[in-house]
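For reference, the structure is listed below as structure tokens.
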Amino acid sequence: MRNLNFFPFERNRYFYGKLLSVDDFELEQRYMNDKRRMLNRFIFGMGVVSGLYVVQVDEQAVSVEAGIALDSWGREIVLDVPVIRKLSQIDGFGECSSKEMGYVYLCLEYEEREIDPVHNIAGSVPSGQEQGDVSFNKIKEDYRLFLTDREPEGEIISPADWYQTSLTIWQEGDIKITQVMPRYIQMGKKAEMKVRVENLGRDNLSFSYELVLTSLLAEGSSSLTVSFDEMLFERTGRYELSYSIQASDSPLETGAAVLNPDTVSLRLSGEEQEVHMEGEMSAAIIREEEKDVMRREYYRTSMEKTLRSGYQQPVCLARIYLVSAMDTYIIEKIENVPYGQYVYNHVIGAAQDQLMQRELILSQEGRNDFYGTGSGSRSEINEGVRITGGEAEIFLKNGGERGDKFFSQEIMHGLGLGKVTMVLGLEKDSGKIVYGSSEIFEKKEETGADAELAACMNENSGSFVIGVRLLKPEPERKIRVHWTALREAEALIPVKNEKRIFIRPNLIELEVRQLQHLEAVCENMVEKTVSWYVKDQGGTIDEMGMYTAPAVPGVYEVVAQSVAYPEVRASVFAVVREGRS
């Protein structure tokens, strides 16, 4: 299984009297493994399937949670238990620490190990396989964690690379400037070009340069000036600038943005630096929509790009920011899966589709164009109750007999996902609308349809279907039903009204017996009183939120709990260290 080839496929052909050798059994394993790896890679992709979240344990150690990943050759990488390591104990740390550290990448790759040595009864074995008469009985499919300060290699490392390209135009020390441009821009349409800036050093950064545009315009001009001054931003170390560009009206051209090196100016803490920047980026100008071209390009070239890579690309689990301190280091923060290397399955895909549908439904609230089978719906809020309604025409083809059932098309009620209350009314020819059983109001002179009504609600899509069962023969070809949907307004968007507590600050670092004031911020609560407590004898905290660290270093959890709503609580971790004196 060390081979990095998907093809060709050969399998054993069995027949009576066939002599099976080691090669035959290895061929059997290789055939099944290669088929599975091919499907994994080309159907699911590469990256994190589940878990593998990287968490900071202390200032020098991290924990990788249990999880599953697929590597660039479709091989499964499984961590069945969490792994806790100091960075200095992880492969590659020495190569990274020899340089001035700003951040490092924690990567994961597939690895095999031969285990379970046994005596080989055949005696000596072919050279290069085993030693003496000892052979290994099993191969363990394992993993390897390692650190690197090099950017991940390869053309496709995340889904974003199918619709955008990136180019690092300058990098030195703790500073990195990268341009991001769409791969495709529809003719005459606007798109977004981004400049991402990283400055992990202490000097304030400012720079400017000019891009010369071809078949592109920026605010009506064929040039674009990019400028950045860190003094104008909250100091975070990472920034993103956005610029609007517009494609020409001529398709099948290539829009280009070329950096003019004569216009480059870069300053650190106000001092001009001698730097050289250059770079050229391009985008295809297309007639079709971007998603259609991207999809076609993926199906046309994905196999070639995957096979052409020719090397084992690791899964980048985290970018770990470090602060150098004398001859050691401190973990500042962790950014999980920085290149978006995730494997999306049908579960998360379905959840995202439903979420998009929900957002679409909620965005239509208050409008009078919810589509049904009739004249549309009306919407209003009355004393905390959200109400929508409309009319539906149910077609009977050429009429119907007693007991026949007919159904409407799917109707969007416009109140979002979840439970709603439905009221249905049957319209009579006399101009009356009957709610409930029409048999109760039946009179000899009464005309119009007689039928039972029911509604089948789909809570996952915010829609319903009306069903009709005739109580007498009906010669007409359609029945008109009036419907009303009701829902409490505060239940419409439960996320916005969710009762929550936030604690400020959200992370505490202090010395033993040191004091720290904490503030509990309550959302969507009338009564905002909270009670404080500390778990595992990790110090004390009074009713005003003043926390006193214990005498023993460690990591302790401080909890704020609502008095009025005991089920609502929040916690913050206090990292307590020995005093420096």
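When all heavy atoms are compared, the tightest approach of P505 to L518 is CD-CD2, 3.9 Å. Annotation for G467 and F407: closest pair CA-CD2, 3.6 Å, computed over non-hydrogen atoms. Nearest approach of V180 to S166, heavy atoms of both residues: CG2-CB, 4.2 Å. Nearest heavy-atom pair across K190 and S244 is CD-OG, 3.7 Å. Between W162 and E297, the closest heavy-atom pair is CZ3-O, 4.2 Å. Shown here for S562 and I501, the closest heavy-atom pair between the two residues is N-CD1, 3.7 Å.
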* For the pair V423 and W483, evaluate side-chain contact (heavy atoms from CB on, under 4.5 Å) and give the outcome as yes or no after the intermediate values. => CA-CA 6 Å; V423 179; W483 60 268; over 6 Å; no

* Evaluate ring-ring contact (aromatic ring centres under 6.0 Å, His included) for Y110 paired with W73, printing each intermediate quantity in order. => CA-CA 10 Å; Y110 177 88; W73 291 99; over 10 Å; no

* **From CA spacing to verdict: side-chain contact (heavy atoms from CB on, under 4.5 Å), L52, V54** => CA-CA 6 Å; L52 300 179; V54 181; over 6 Å; no

* To do: Apply the test side-chain contact (heavy atoms from CB on, under 4.5 Å) to residues M38 and F9: give CA-CA distance (whole Å), side-chain angles for both, the deciding distance (0.1 Å), then the verdict.
  => CA-CA 11 Å; M38 181 189 68; F9 289 118; 3.8 Å; yes

* Asked: Could you go step by step and tell me if R402 and L470 meet the side-chain contact (heavy atoms from CB on, under 4.5 Å) rule?
  -> CA-CA 5 Å; R402 177 183 172 86; L470 298 179; 5.6 Å; no

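Formation of a donor-acceptor pair under 3.5 Å by the H482 side chain with backbone atoms of G389 is not found in this model. Under a 3.5 Å cut-off, the side chain of S72 and the backbone N or O of Q313 do form a donor-acceptor pair. Put simply, the side chain of Q164 never gets that close to the backbone of R183: no donor and acceptor are under 3.5 Å apart.
Scanning for side chain to side chain contact (heavy atoms under 4.5 Å, CB included) contacts around N12 gives Y14, K18, D24, L27, E28, with sequence neighbours left out. Not counting sequence neighbours, R569 has no partner by the salt bridge (Lys or Arg N to Asp or Glu O under 4.0 Å) test. Listed by chain and residue number, I541, Y547, V558 satisfy the side chain to side chain contact (heavy atoms under 4.5 Å, CB included) test with V534 (two or more places apart in sequence, or in another chain). Applying the ring-ring contact (aromatic ring centres under 6.0 Å, His included) rule to F233 yields the partners F228, Y239; only residues at least two apart in sequence or on another chain are considered. Applying the salt bridge (Lys or Arg N to Asp or Glu O under 4.0 Å) test to E109 and every residue at least two apart in sequence or in another chain returns R144. For E240, the salt bridge (Lys or Arg N to Asp or Glu O under 4.0 Å) partners are K194, R196, not counting sequence neighbours. With sequence neighbours excluded, the residues satisfying ring-ring contact (aromatic ring centres under 6.0 Å, His included) with F42 are F6. Listed by chain and number, the residues in a side chain to side chain contact (heavy atoms under 4.5 Å, CB included) with F44 are N40, L70, V343 (sequence neighbours excluded). Residues satisfying the side chain to side chain contact (heavy atoms under 4.5 Å, CB included) criterion with K535, sequence neighbours excluded, are Y533, E557, V559. Shown here are the ring-ring contact (aromatic ring centres under 6.0 Å, His included) partners of Y556, two or more places apart in sequence or in another chain: there are none. Remark: R504 pairs with no residue by the side-chain hydrogen bond (donor to acceptor under 3.5 Å, both in side chains) rule, at least two apart or across chains. Residues that satisfy the ring-ring contact (aromatic ring centres under 6.0 Å, His included) test with Y299, not counting sequence neighbours, are absent from this structure.
Looking at E288 and R296, their side chains come closer than 4.5 Å, going by heavy atoms from C-beta outward. Looking only at side-chain heavy atoms (C-beta outward), L453 and V468 come within less than 4.5 Å of each other. Y243 is not listed as a side-chain neighbour of E219, based on a closest heavy-atom distance of 4.5 Å or more. Proximity of M181 to L216: side-chain heavy atoms (C-beta onward) are separated by under 4.5 Å at one or more points. Counting only heavy atoms from C-beta outward, the side chains of E427 and V481 never approach each other to under 4.5 Å. With contacts defined as side-chain heavy-atom distances shorter than 4.5 Å, the pair D292/E290 does not qualify. A 4.5 Å side-chain heavy-atom check between R41 and L39 finds every atom pair outside the cut-off. For the pair M32/R37, no side-chain contact is recorded, criterion being any heavy-atom separation below 4.5 Å from C-beta on.
One finds the CD atom of Q186 at 11.0 Å from the CG atom of D249 (value rounded to the nearest 0.5 Å). Taking OG from S531 and CD from Q561, the interatomic distance works out to 5.0 Å, rounded to the nearest 0.5 Å. Distance check: K189 NZ to I286 CD1 gives 11.5 Å after rounding to the nearest 0.5 Å. Atoms OG1 and CD, on T165 and Q179 in that order, are 9.5 Å from each other to the nearest 0.5 Å. Separating the CD atom in E335 from the CD1 atom in I320 is a distance of 11.0 Å, to the nearest 0.5 Å. One distance of note links OH of Y143 with CG of D71; it measures 15.5 Å at 0.5 Å rounding.
Annotation for D536: atom CG does not count as buried by contact number, only 12 or fewer foreign heavy atoms lying within 6.0 Å. More than 12 heavy atoms of other shown residues, nucleotides or ligands fall within 6.0 angstrom of atom OH in Y565. No more than 12 heavy-atom neighbours from other residues, nucleotides or ligands sit within 6.0 angstrom of CD on E543.
Using a 3.5 Å distance cut-off with no hydrogens or angles, the side chains of R319 and Y105 do pair a donor with an acceptor.
Ion pairing of R30 with E10 is absent here, as no side-chain N (NZ or NE/NH1/NH2) approaches a carboxylate O to less than 4.0 Å. The residues K472 and E401 are annotated as not salt-bridged, no charged nitrogen and carboxylate oxygen being separated by less than 4.0 angstrom.
No cation-pi contact links R238 to Y321, judged by a cut-off of 6.0 Å to the six-membered ring centre and 45° from its axis.
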